[in-house]
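Accompanying notes for the structure given below.
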Amino acid sequence: MNLPRIALAVAASAAALLFAVPLVGLLAHAPWSDFPVLLGDARVRDALALSFAASGAAVGVAIVLGMPLALWLASGRSALRTVVRTIVLLPVVLPPIVAGIALLAAFGRNGLVGAPLAQIFGVTIPFTRVATVVAAAYMGLPFFVLAVESGLRAFDARWLDMARSLGAGPIRRFAYVTLPMIFPSVATGMLLCFMRALGEYCATQLFAGNLEGVTRTLPLACGLAMETDPRLAIALSLLLSGGSVAVLLLLKRRLPGAR
Amino acid sequence: MLRLVGGLSRGSLAVDMELDVGRETVAIVGPNGAGKSTTLKLIAGLLKLDHGSLRCDDDVWDDGADRFTASEDRRVAWLPQDPLLFPHLDVLSNVAFGPRSRGASRSEALRAAGAMLERLDLGRFAARKPDTLSGGEARKVAIARALVTRPRVLLLDEPFAGIDVSAAADLRKELASCFAAFDGPAILVTHAAVDAFMLADRIAVIEGGRRVQIGTAQALGAAPATRYVADLVGLNFLRGVVNDGVLSLDGGGTLVVAHPMEGPVTATVHPRAVSLHRTRPDGSPRNVWSATVASVEPSPGSARVRVAGPIPLVAEITDASVRTLGLRAGVEVFVAVKATEITLTSV
């Protein structure tokens, strides 16, 4: 009689376990007592600092470039906006390896933009710290733009009419009305962008390389450790998981079903 | 002096207005979708005229073409139905928003906001967030926020919508003193004729985006231009004080009312609820008096008969009755009004 409900419960439990078991596996293999030594290593600290710097810079890029883009995307409906939005959101669904190859094709030494950049200005991007930021921003920006645009679209323009009638010009309207009122969306966008940037592996390795102390971010260090010192890899994985859980807790109230 | 001639068409809504407002309060009354809010937005600079022009004193705010003064440069107080207090700012900062936007320093703006809140007896709310205020309180804060900018024009859209009767009476008093103290054109959009009568000097009736009539409540009642004006605006309004079920009118005379209200009120009597007789009627009406017919005006489908005497009223009578009763100026009649047909609004 209750067969459909039982089947549903079994399937749902299996799905939940699919997510829970790997995390438990990590915890079970955690070299708890060696943690301070493993994570205290200078190379780990370098990778950690590099990752945070690159991800933080990616968030900065998102704010400076992504905010105006989100404002424009949210300001109306047009075919051009749809095309631009599709391009911007592409990295979300693009396999990261493709993103890395595309970045190299554009900004690499012989790339479309990279070649003239190197010839005229003597600037090379690939395999530098800047490249880690570019890769991180490329992968993280869509999350920021998506979150901010949806916040802006849900924002009631009557508030701006009111601010306008009270004498507020465009800058004041944005800074004192729009921004504070859509702040939850902006914060969500910043966090999602930061976490996507922090976890970036494939595109970074291709485009920025894996140079210790220069472009070896935490995920790259983690991947390398898997071949040399699995205990370190697990420790680093736990560190990243901890950060991710913390972000989810921060976002808890913004997720579906939140109370 | 505000002068709006022209309008705009947007989808199904076309507004083509002619409105002159001096140093007075004009109430805009009209059915839903008549273009009342649109008219206010045009004046506030939130919409642009397609054709025509909008002037305030000697300034052309909108000429329907290239000349357009942005809303932020007009100094118009726009109070839409929803008070739209900024939810992220406390009451004091909400009120300080206008002065701050117009270049006052932070401390000046806060001082001006604090003074305005005190003036409207809202000082105790200064530190509160808007979502902790009642509907009536939020309206008053919105009024304070608008007035502190020293606006040249005051625009209020349905200030009593969605608030309870006692809060509305309180707010009505507040608005009456605001309008009295305000030295420029004020426009009040409402759908309640009694509010228009109580707060405004003149009433402009708009239907289908056009002004169909403008004048005092008495003028509209005596000669309504359309059915809508006759039914909803051309009413008898009487001021007085209710004491123990008896309304003593300011102009003399008394009426028995069937309303458990005490104190100063505005009484509304629909012209169709006023009946005229050649002989003293028997039966239920408790308010019967004799009066002289002052005039008989034709009105769409019927006639408006104005009676003089202690209680001047307009009665709406069918053309047939006008003939049977032989009504014309100078005829003596008995006027009857049922107590239950008198609606009271506390002042």
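All figures in this text were calculated on a predicted structure; none of them were measured in a lab. In what follows, chains carry the letters A, B, and so on, assigned in the order in which the sequence lines appear, proteins first and then strands, with residues in each chain numbered from 1. Atoms considered below: every heavy atom in the structure, side chains included; atoms not considered: hydrogens, waters and symmetry mates.
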Heavy-atom distances under 4.5 Å only: say whether B:Arg75 touches chain A with side chain, backbone, both or neither.
neither
If you count heavy-atom pairs under 4.5 Å with chain B, which of A:Met181, A:Arg172, A:Arg173 comes out on top?
A:Arg172
May I ask you to decide if B:Asp157's main-chain N or O and B:Lys36's side chain share a donor-acceptor pair within less than 3.5 Å?
no
Are any of the side-chain heavy atoms of A:Phe144 and A:Leu65 separated by less than 4.5 Å?
no
Output the option from B:Gly45, B:Ala44, B:Pro87 having the highest count of non-hydrogen pairs under 4.5 Å with chain A.
B:Pro87
Okay, B:Leu155 and chain A: the region with an atom under 4.5 Å from a heavy atom over there is neither
Judged by atom type as modelled, is there a donor-acceptor pair below 3.5 Å linking the side chain of B:Asp20 to the main-chain atoms of B:Arg3?
no
Is the terminal nitrogen or CZ of B:Arg172 (NZ for Lys, CZ for Arg) located under 6.0 angstrom from the six-membered ring centre of B:Phe160 and within 45° of that ring's axis?
yes
Chain B contact via A:Tyr176 - which portion, at a heavy-atom distance below 4.5 Å:
both
Under a 4.5 Å heavy-atom cut-off, does chain A meet the side chain of B:Leu84, its backbone, both or neither?
both
Of all residues at least two apart in sequence or in a different chain, which pass the ring-ring contact (aromatic ring centres under 6.0 Å, His included) check with A:Phe52?
A:Phe194
